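Some notes on the structure that comes next.
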Amino acid sequence: CTGDDTVEVKPLASVLHAIPSHVRNKSGPGTSSCKPVDTQLEQPCNVPAQRCHGAPHVAPGASRRASPRQRTCPCTMVATRRSSASGKAAPEKPPRPPPAVTQPGFWRSFATRAKAALAMMVCFLCILWAGHFYVWLLILMLQVLSFRELLNVRYQDYKKDTEKAMPLFRTLQWGWFYAAQFYVYADFVHEFALQNHTQHKLTQPFSRYWEAISFFLYCVVFTLSVYTLRVDAVRYQVGQLSWTIVTLCIVVGQMKFVAHNIFEGLFWFFFPVWLVVHNDCWAYAWGALLGRRFITQPFFSLSPKKTWEGFVGALVSTIVVAFYTAPLFARSRWLSCPATSLTLRFHEPLACEPAAVFRTRSEMKLGFVTLRDVSPIQLHAVVFGLFASVVAPFGGFLASAIKRAYEVKDFDSLIPGHGGVTDRVDCEFIMALFVYVYHKTFIAEPEGWRALAAAAARLPEGDRRLLAGAIC
């Protein structure tokens, strides 16, 4: 051909020998009238047609070795093309996408999400003002709604296959859920009754038999789950049981100690929620403004809208918010004081001495650095913000993976612009568990002293004075 191309022409016999027999047998008698065409450039070959028949011909200066790129003539010849290095054009970089805020429909979607978020925030603050018991009821309701959404995802997939008729499909799942819920919160009520002697007489019968009741519920659900196994659907039923257990770990297992966080002081419940919400908002804002401006690759492949710019920006912003807002919330007695009773009265007054972690210190040494007018809770808040930005978002990524696996956009349409309850609290589950573990390990008093204080509180007043005098 022309230019810097070199052409090597081979006889028809050698070409046909290299073609598999099942392909060669499909050739018809009319294939000899074909026109040599470059399959890469789709341009006619300039080699004369008569050279396809006869002795092999090699262009002057052509290489005897074929290059990887081949130009094929279906009738009698194979031509190879070797382009010079100077002729290669550099691949063009794909244009950077415009910011999300400039895309059509962004502000309409943002307004819908903002209105729903404002309504949720007002309801949440009202329940927080009502008291510890009502916040606990809110958590119970959210767990029920979240489990229902996860159950429906599996149930909608189950209904598509009519051959998998399983008895008690949803009944068994709800049985496992309520059995697990009873065990988790009965354990909390038992422990709360031991720590607060004023509640011990009211809950004494329950504290004695709650473990037996929990085991009875477990035996009932376990027996029904095994008894309903069918030969023609046992594989699917075992998978369904595994799905139920994983769902319980997400919705119930990670929230086992959330009641401890609430009654230890609303701060330990409200502040982590505050940080997760802030991280979500900052990730949305930074992603909309700078998303894919520096790094085009998505942060998580199963959630293409998550960007590196949003992740890093939310990390820095959340840590800053955590450091400066922690002492503001710590000043509130309503948030920092623990609850001493399970009461239905709204906003029962609380009075307590601020814990050492909430008190501002004039000077605090942190290694080689000296901090002034800083409270310990601000340093703990930085750790909370770091966890809320780095680890907690993976709860949302897990939810995204579940939705992609079952081909659903949202878990529900309960909240306009946000989806379902699970879409909003997916990151809160693991955050609540982290706060309990961190508080118990690095902040709370040792369990031995707490048990001794609870036992001393049940002594008569005179005996308590004698004990206090002996210790002091």
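What you see is a predicted model; the values in this text were computed from it and never measured.
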Query raised in the report: So, S332 side chain and L328 main chain: donor-acceptor pair closer than 3.5 Å or not?
Result: no
**Report entry** Polar side-chain atom of E264 near backbone of P338 as donor-acceptor pair, under 3.5 Å
**Finding:** no
Requested in this report: Can you label the angle between the W136 ring and the F263 ring as parallel, tilted or perpendicular, going by 30° and 60°?
Outcome: perpendicular
**Report entry** Approximate separation, where rounding is to 0.5 Å, of R372 CZ and R361 CZ
**Finding:** 14.5 Å
**Report entry** Verdict with reasoning, F271 to L266, per side-chain contact (heavy atoms from CB on, under 4.5 Å)
**Finding:** CA-CA 8 Å; F271 189 66; L266 287 173; over 6 Å; no
Query - More than 12 heavy atoms from other groups under 6.0 Å of OH on Y406 - result: yes
Query raised in the report: Taking all non-hydrogen atoms of both residues, which atom of E348 and which atom of T343 are closest, and how far apart?
Result: OE1-CG2, 2.8 Å
Query raised in the report: What are the two closest non-hydrogen atoms of H418 and A117, and how far apart are they?
Result: NE2-N, 3.9 Å
**Report entry** Donor-acceptor contact present, side-chain E309 to main-chain R292, <3.5 Å
**Finding:** yes
Requested in this report: May I ask you to check whether H260 and E191 show a side-chain donor-acceptor distance below 3.5 Å?
Outcome: yes
Query - Ring-face cation contact, Y284 with R113, 6.0 Å cut, 45° max - result: yes
Query - Heavy-atom closest pair, residues L275 and A388 - result: CB-CB, 4.1 Å
Query - Steps toward side-chain contact (heavy atoms from CB on, under 4.5 Å) verdict (E428, V277) - result: CA-CA 9 Å; E428 302 285 358; V277 171; 4.2 Å; yes
Query raised in the report: Who pairs with C352 by disulfide bond (SG atoms under 2.5 Å apart), at least two apart in sequence or on another chain?
Result: C337
Query - Audit row: W210, F182, ring pair (Phe, Tyr, Trp, His ring centres under 6.0 Å) steps and yes/no - result: CA-CA 9 Å; W210 72 272; F182 180 84; 7.9 Å; no
Query raised in the report: Got a second to check how far F300's CZ is from S400's OG, nearest 0.5 Å?
Result: 7.0 Å
**Report entry** Flag for S389-W282: side-chain donor and acceptor within less than 3.5 Å
**Finding:** no
Query raised in the report: In Å and rounded to the nearest 0.5 Å, what is the CZ to CG distance from F329 to L335?
Result: 7.5 Å
Query - Verdict with reasoning, F384 to Y438, per ring pair (Phe, Tyr, Trp, His ring centres under 6.0 Å) - result: CA-CA 9 Å; F384 287 4; Y438 186 89; 5.2 Å; yes
Requested in this report: Could I get the full list of side chain to side chain donor-acceptor pair (under 3.5 Å) partners for K306, not counting sequence neighbours?
Outcome: none
Query raised in the report: Is the distance between the ring centroids of F147 and W174 under 6.0 Å?
Result: yes
Query raised in the report: Is it the case that R230 and Q237 place a side-chain donor and acceptor less than 3.5 Å from each other?
Result: no
Query raised in the report: Taking only residues at least two apart or on different chains, which pairs with a member in residues 130-148 satisfy salt bridge (Lys or Arg N to Asp or Glu O under 4.0 Å)?
Result: R148-D412
Query raised in the report: How far apart are the closest heavy atoms of V251 and S146, and which atoms are they?
Result: CG2-OG, 4.0 Å
Query raised in the report: Which of these passes ring-ring contact (aromatic ring centres under 6.0 Å, His included) with Y436: W268, F429, F257?
Result: F257
